[in-house]
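Heavy atoms only: backbone and side chains are in, while hydrogens, waters and symmetry mates are out. Start at 1 with the first residue, then count along the sequence. Please read these numbers as outputs of a predicted model, since none were measured by experiment.
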Amino acid sequence: MSDNNLLNAVAGFRDAMAAKDALAQTGSDFTEVKGAVAKTISQLHPKRLALTVTQIVEDTPSTKTLRVAASDSRLLPPFQAGQYVNVFVQINGIETARPYAVASSPRERRYYDLTIKRAQGGFVSHHLLDAVQVGDSLQSSGPMGSFHHNPVFHGDDLVFLAGGSGSVPARSMLLNILHNDLPFNFQLIYANSFVDDVIYADELRQLASEHANFRLDEIISRPPAGFTGRSGRLTGEVLRELLGEQLDGKMFYICGPTPFNNNCLEQLLALGVKRRRIRIEANGAPKNPDQQAGWPQGVSLDDEVTIRVRGKGSFTAKVGEPLLNSLERNGYGAENACRSGECSLCRIKLLSGAVFNPSEAHLRKSDRDFGWIYSCVAFPTEDIEILL
């Protein structure tokens, strides 16, 4: 007896087969929607965005906010508050990129606000602040990054420790909470060196006065004479005073210069905060990798080494320059996004020689086993050969 004869005894089987046969005659092989999934993915997670600068706001003497919209006037891709886009530029013939957090609310998709602070000895920040004008075109990646609030795991009692331009993702998180009337408490502890360099100062103070679920605490490390606000550094004692005794249930976000991030992490751990309740936004390659454990003895940041790119050529670079930077400076490159050792897009093969991988380089075991390095945070400590 055939399988179908056996199944005919099952209630509803004959009706189901009849319906299947009818669909086979009139149904679709889905050619009419071919590519729809790929198109949707491209719209939500584009590899590149064509942007136009529509407005420039001078926030402080060292900071400007570039408001950018899609060049085709469409809505920009959605993002999570705290994420960034990687801005691609060409400066004096050098193609490079830098990640900038989106400062605006995820609810607003007609534009992104990108707040740029002048970096000491910077390259891209100087260009964006000094050369870019309203109407200029820019290119960026789509939004990305894991530094954002996850309401399922992070809870509703949020504390953000920001140093300098670390307030950029904090502003996006705050606006997301306020614009959507979310039932979260948000405390921003904001540290700056000087009183005239506090980004979004008036806006943050106004929002704190209007919303009971937003608390703003400011601290200035280099106050002027007669300053009456809180001054000094963010010590454990100061944090305990600002946070209160009850720390359980709070989720902490830290974003600022690397020394600021490290200090905040150390102080929070000393206060008994569990490491899993602390999120830190990476902030580029370390400025002083030679001060980290494992740096080879006798090697100076000013030493010069030869970088050989198999099949393409070679050039010299200083030990203290991240490998990705020196590659770009000499006409090479690698796909990149975070430039902080997080995303692994800039991964390249080290064929010979040695590089120093700082603590920022989140290399996987397989990377280490097979000689892959993250070029954005790799420092060549001797002559090397790589494969791009």
Side-chain angles (χ1 to χ4, degrees), residues 47-48 84-100 116 119-128 131 138-142 144-145 258 282-290 292 294-296 299-364 366-368 370-388:
K47 188 172 182 180
R48 294 289 186 270
Y84 65 87
V85 294
N86 201 28
V87 179
F88 301 91
V89 295
Q90 186 176 85
I91 307 172
N92 299 328
I94 298 175
E95 295 184 358
T96 186
R98 294 293 185 275
Y100 291 101
I116 318 296
Q120 184 176 0
F123 184 52
V124 175
S125 65
H126 288 235
H127 171 77
L128 293 175
L138 292 175
Q139 189 180 66
S140 80
S141 69
M144 60 181 71
T258 300
N283 200 11
K287 300 294 189 296
N288 303 107
D290 55 334
Q292 292 195 19
W295 182 263
V299 176
S300 168
L301 296 180
D302 292 324
D303 290 346
E304 289 194 346
V305 296
T306 298
I307 313 296
R308 290 187 296 275
V309 183
R310 176 167 288 186
K312 297 182 179 181
S314 64
F315 59 89
T316 60
K318 288 192 174 183
V319 168
E321 182 178 26
L323 179 56
L324 179 58
N325 289 21
S326 63
L327 285 168
E328 292 174 337
R329 187 168 50 79
N330 287 277
Y332 302 96
E335 186 70 20
N336 64 88
C338 72
R339 300 182 81 99
S340 301
E342 293 272 347
C343 71
S344 80
L345 280 178
C346 68
R347 191 177 71 153
I348 62 176
K349 185 82 168 181
L350 178 66
L351 300 176
S352 65
V355 302
F356 177 72
N357 296 304
S359 58
E360 286 80 358
H362 296 283
L363 292 168
R364 295 166 292 205
S366 58
D367 294 325
R368 298 182 185 276
F370 294 100
W372 293 96
I373 58 175
Y374 298 168
S375 59
C376 68
V377 291
F379 296 87
T381 54
E382 60 185 38
D383 294 347
I384 63 171
E385 184 178 15
I386 58 174
L387 181 65
L388 290 179

[atom1]-[atom2] distance between [X] and [Y], expressed to the nearest 0.5 angstrom:
{"X": "Ser141", "Y": "Tyr84", "atom1": "OG", "atom2": "OH", "result": "7.0 Å"}
{"X": "Tyr332", "Y": "Ile307", "atom1": "OH", "atom2": "CD1", "result": "11.0 Å"}
{"X": "Asn336", "Y": "Cys346", "atom1": "CG", "atom2": "SG", "result": "6.5 Å"}
{"X": "Leu323", "Y": "Leu350", "atom1": "CG", "atom2": "CG", "result": "9.0 Å"}
{"X": "Asn357", "Y": "Tyr374", "atom1": "CG", "atom2": "OH", "result": "9.5 Å"}
{"X": "Ile348", "Y": "Ile373", "atom1": "CD1", "atom2": "CD1", "result": "4.5 Å"}

**Prompt:** Is there a donor-acceptor pair under 3.5 Å between the side chain of Asp367 and the backbone N or O of Trp372?
**Reply:**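 Judged by distance alone, no pair lies under 3.5 Å.
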**Request:** Verify, without hydrogens or angle tests, whether Ser340 (side chain) and Cys338 (backbone) share a donor-acceptor contact under 3.5 angstrom.
**Result:**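 A pair under 3.5 Å: yes.
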**Message:** Val124 vs Ile91, test: side chain to side chain contact (heavy atoms under 4.5 Å, CB included). Steps then yes/no.
**Reply:** CA-CA 8 Å; Val124 175; Ile91 307 172; 4.3 Å; yes
Just to verify, what does [X] make a side chain to side chain contact (heavy atoms under 4.5 Å, CB included) with, not counting sequence neighbours?
{"X": "Glu385", "result": "Arg308, Arg310, Leu351, Ser352"}
{"X": "Ser125", "result": "Tyr100, Ile116, Ala119"}
{"X": "Leu301", "result": "Pro289, Asp290, Trp295"}

Between [X] and [Y], which heavy-atom pair has the shortest distance, and what is it?
{"X": "Gly333", "Y": "Glu328", "result": "CA-CG, 4.5 Å"}
{"X": "Cys343", "Y": "Ala337", "result": "SG-CB, 3.8 Å"}
{"X": "Val355", "Y": "Pro380", "result": "CG1-CA, 3.8 Å"}
{"X": "Pro99", "Y": "Asn86", "result": "N-OD1, 3.1 Å"}
{"X": "Ala97", "Y": "Phe88", "result": "CB-CD2, 3.5 Å"}
{"X": "Phe379", "Y": "Pro358", "result": "CE1-CG, 4.2 Å"}

Can you sort out the partners of [X] under salt bridge (charged side-chain N to carboxylate O under 4.0 Å, His left out), two or more places apart, ordered by chain and number?
{"X": "Arg368", "value": "none"}
{"X": "Glu342", "value": "none"}
{"X": "Glu335", "value": "Arg48"}

**Message:** Restricting to side-chain hydrogen bond (donor to acceptor under 3.5 Å, both in side chains), what partner residues turn up for Asn325, sequence neighbours left out?
**Reply:**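 By the side-chain hydrogen bond (donor to acceptor under 3.5 Å, both in side chains) rule, Asn325 matches Arg339.
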**No-hydrogen, no-angle side-chain donor-acceptor test under 3.5 Å, Glu360 and Gln292** =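 Yes.
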**Request:** Write out all pairs satisfying salt bridge (charged side-chain N to carboxylate O under 4.0 Å, His left out) with one or both partners inside residues 89-100, taking only residues at least two apart or from two chains.
**Result:**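 Salt bridge (charged side-chain N to carboxylate O under 4.0 Å, His left out) check on residues 89-100 returns no pairs.
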**Request:** Would you mind reporting whether Thr96 and Val89 have side-chain heavy atoms less than 4.5 Å apart?
**Result:**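 Heavy-atom side-chain distance check passes, below 4.5 Å.
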**Asked** Is the closest side-chain heavy-atom distance between Val299 and Phe356 below 4.5 Å?
**Response**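 Not in contact.
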**Prompt:** Is atom NZ of Lys287 surrounded by more than 12 heavy atoms (other residues, nucleotides or ligands) closer than 6.0 Å?
**Reply:**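 It does not: Lys287 NZ has 12 such atoms or fewer within range.
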**Asked** Got a sec: does the CD of Gln120 have more than 12 other heavy atoms crowding it under 6.0 Å?
**Response**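 It does not: Gln120 CD has 12 such atoms or fewer within range.
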Can I get a per-line list of side-chain donor-acceptor pairs under 3.5 Å for residues 313-322, giving both atom names and the distance, sequence neighbours left out?
residue : atom : partner : partner atom : Å
Glu321  : OE1  : Arg329  : NH2          : 2.8
Glu321  : OE2  : Arg329  : NE           : 3.1

